[in-house]
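Beneath this line is the structure, given in C-alpha cells, with notes to follow.
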Amino acid sequence: MLAIECTGVSRDFNVKSLRGICTVRAIQELSLTIEEGRTIGLVGPNGAGKSTLISLIAGLIFPSQGSVLVGGYPARSLRARESIGYMPESPVFLGLYTARQVLLYHGALSRLNGADARRRANSLLDRLGLAEAANRRCYGFSLGMRQRLALGVALMGDPPILLLDEPGNGLDPIGIAELRELLCELSRSGKTMIISSHRLDELEKVTSDFVFLKQGRTVHFDTAAASSQQSLLRIGILTPCKGRLEDILPSYEVAGASDHEILVRVSEVRDVATIVSRLVGSGVQIIRVQMEKQTAEQAFLSLCRKGE
Amino acid sequence: MYAWELIKETVLRKSFIPVIHLVWFCLYLVLPLVSSSGDLVLGTLPFILAGLLLPAIVSVGIFGDDIASGRIAVLITKPLRFSRLYLWRLAGIVVQGALHLAVAGVLLLGVNRVLGYGSTAQLPLWLVLSLLLLAAVAALSTTISVVVKRDYNLIVLIGMLLLVAVFKVNLASVHSPAVTWIRTLITYGLPSAEMLYRCGTPAGSFSERLGAVLYVLALTCTYATVGVVLLKYREFKRACD
C-alpha cells in the first residue's frame with residue numbers, strides 16, 4: 001500500500017524582485033510514490049524544493065498542478081491529517097506552556113483522551129530526554145530541547161507517517177546519537193518517514209533510501225542500487241599500465257589511473273575478483289586492493305555535480 | 001478534551017491577557033468614582049470596555065501569532081476540523097468574556113451598593129448586550145487574524161473604529177453615493193454597537209431589541225463562517241530552503 005503518492009506535482013511561487021513579481025517553479029512535475037513502512041531521506045542543495053515538497057505533503061500549501069495523496073486521501077483532508085505527524089525545521093511553542101503541557105495540548109488536538117495523552121506524554125518525555133525539563137516553561141529551552149519537544153509533538157498522536165524537517169538541528173552529539181536510535185526504532189516499528197536533512201552521514205545510518213531533489217525535480221531515487229553501482233575499487237599497483245587499461249578491463253568504467261593506482265567503478269563484489277585476475281593475467285603487479293562503498297554524501301555530490 | 005485545551009490556550013497564549021482583565025476590573029471600580037455624571041448608567045461601562053475593546057485586544061494575533069511564528073504548520077497537520085479549531089478558539093474568547101462580565105457585574109453592584117455611585121438600571125441586560133457585542137467583535141478580529149499579519153490585526157480594528165467615529169461625527173449628514181456606501185457598510189457590515197446600545201436604553205421597543213440581537217448574532221455567525229473558510233483554503237507558506 002502506498003503511504004504517499006505525488007503525481008505530476010508542480011508548485012509555483014510568486015516572488016517579488018526589482019523588476020516586479022516573477023514566478024518561480026519550486027517543484028517541477030514531480031512524481032513520487034512511497035510505500036508504507038519505508039524511511040526516505042530527502043536531500044538536495046539549498047533551494048532544491050525539499051521544504052516545499054514536505055509542505056505539499058503536509059497540506060500546508062497546495063500544488064499548482066498535479067495531486068498529492070497521503071494514505072490514499074488528498075493532502076490536507078482530515079483523513080490525510082489523521083495519518084501524519086509533522087516536525088518543522090524551526091519549532092516554536094507557546095512560551096507559557098511547560099514541555100508536558102505542550103505535549104498534552106497536542107495530544108488533545110490529536111484526539112487522545114486525557115489518560116492516554118498523559119501516559120504518552122510521560123513516555124515521550126522519558127524517551128526524548130526531557131523528563132527533567134518536563135515542568136519547565138518552553139521559553140527558556142535551547143534549540144536542541146525544542147527539537148526534541150517538536151519530535152515529541154509529531155509523535156504524540158502515534159501517526160503512521162512522519163514528516164521530519166531537519167530533526168537533528170541544534171542537537172549535541174549525544175542528542176544526535178539518541179535521535180538516530182529513536183528514528184531507527186521508529187523505522188523498525190513500521191512507520192513511514194520522510195526525513196529532510198543536510199546531515200547525510202547521519203541520514204545514512206537510518207536509511208539507505210534517498211530522494212535527491214535538484215531544482216524541484218527528483219534526480220535519483222533508488223540509492224541502494226546507486227550506491228552499489230558507484231562503489232569504487234582502489235587498486236595499488238607497481239607496474240604502470242595506464243595506456244593498456246581499456247584493453248585489460250574493456251567492460252569496466254575506469255574512474256582514474258596513475259602509475260601507482262587504478263580506480264575502477266564496480267557494481268557487484270564479484271567483479272573485484274574478475275578485475276584483479278585480469279590485471280594479474282596482464283602482468284600487472286598488485287600491492288593493495290581496497291573496495292570503497294560510496295557514501296550517500298559522495299553519491300549526493302556526484303548527483304549534484306552532474307549537469308553543472 | 002481538545003475543546004478545553006483550545007479554550008484554555010486563548011487565555012494562556014500571551015502573558016498580557018490576564019493583566020488586561022485586571023486593568024479592566026480596576027477601571028470598573030475607578031471610572032464611576034471619577035465620572036462627572038452622578039447618575040452614570042454603570043452597565044454602559046462593560047458595554048464599551050468589555051464589549052468593544054476587550055475582545056479587540058484579547059484576540060489580537062489569535063491566528064496571526066501562529067502564522068508568523070510557524071506554529072500554524074503543526075496545528076494544521078493535526079486531525080482536527082478547521083471549523084473546530086476556529087470555533088473553539090473563538091469560544092475561548094467568549095468564555096473569558098462571559099466570566100469577565102460576571103466579575104464586572106459584581107464589581108459594579110459593589111460600587112453602587114457600597115459606595116453609592118451610578119445607577120445599576122438594567123445591568124443584567126447591559127451585560128448580555130456586552131457579551132453579544134464582544135462575540136461579534138471577537139469573531140471579526142479572529143477572522144481578520146487569519147489573513148492579516150499579527151502586527152496589523154489591532155491596527156485594522158482600530159482603523160475600522162476610527163472610520164465609524166469619523167463618519168458619525170463628520171459625514172453622517174452628507175448625501176453622496178460614496179457616503180451612502182460607507183453608511184451601508186458601517187450599519188450592516190460591522191458589529192453595530194449603536195444598535196445594541198439602543199437596546200439598553202428605555203427608548204428601544206421589544207421588536208427593535210429582538211431584531212438587533214438577532215442581527216448581531218447573524219453577523220457573528222457570518223464572520224465566523226468567513227474565518228473558517230479562509231482558514232480552510234489559505235496556504236501557510238514556508239520559506240524554500
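In this text, all values refer to a predicted model and were calculated from it rather than measured experimentally. Chain naming here is simple, since letters A, B, ... match the order of the sequence lines and numbering starts at 1 in each. These values consider heavy atoms only, across backbone and side chains, with no hydrogens, waters or symmetry-generated copies.
- Between chain B and the options A/Val153, A/Leu163, A/Val24, the largest number of non-hydrogen pairs under 4.5 Å is found for A/Val153.
- The environment of B/Phe16 atom CZ is dense: over 12 non-hydrogen atoms of other residues, nucleotides or ligands sit within 6.0 angstrom.
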Inset, instruction - For A/Arg11 and A/Ile61, run side-chain contact (heavy atoms from CB on, under 4.5 Å): C-alpha distance rounded to whole Å, both residues' side-chain angles, the deciding distance at 0.1 Å, then the answer. - result: CA-CA 9 Å; A/Arg11 171 64 210 206; A/Ile61 57 174; 4.1 Å; yes
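- Residues A/Thr23 and A/Asp12 bring no donor and acceptor atom of their side chains to less than 3.5 Å of each other.
- The choice from B/Lys8, B/Arg81, B/Glu9 that makes the most heavy-atom pairs within less than 4.5 Å of chain A is B/Glu9.
- For A/Arg79, no part sits under 4.5 Å from any heavy atom of chain B, backbone or side chain.
- Proximity to chain A is limited to the backbone of B/Arg234, based on heavy atoms less than 4.5 angstrom apart.
- Within 6.0 Å of atom CD in A/Gln215, 12 or fewer heavy atoms from other residues, nucleotides or ligands are found, so the atom counts as exposed in its surroundings.
- For A/Tyr97, the part sitting under 4.5 Å from any heavy atom of chain B is the side chain, from C-beta outward, and nothing else.
- Ranked by heavy-atom pairs under 4.5 Å with chain B, the first of A/Arg76, A/Arg111, A/Glu82 is A/Arg76.
- Salt-bridge check for B/Arg13 with B/Asp65: passed, with a basic side-chain N closer than 4.0 Å to an acidic carboxylate O.
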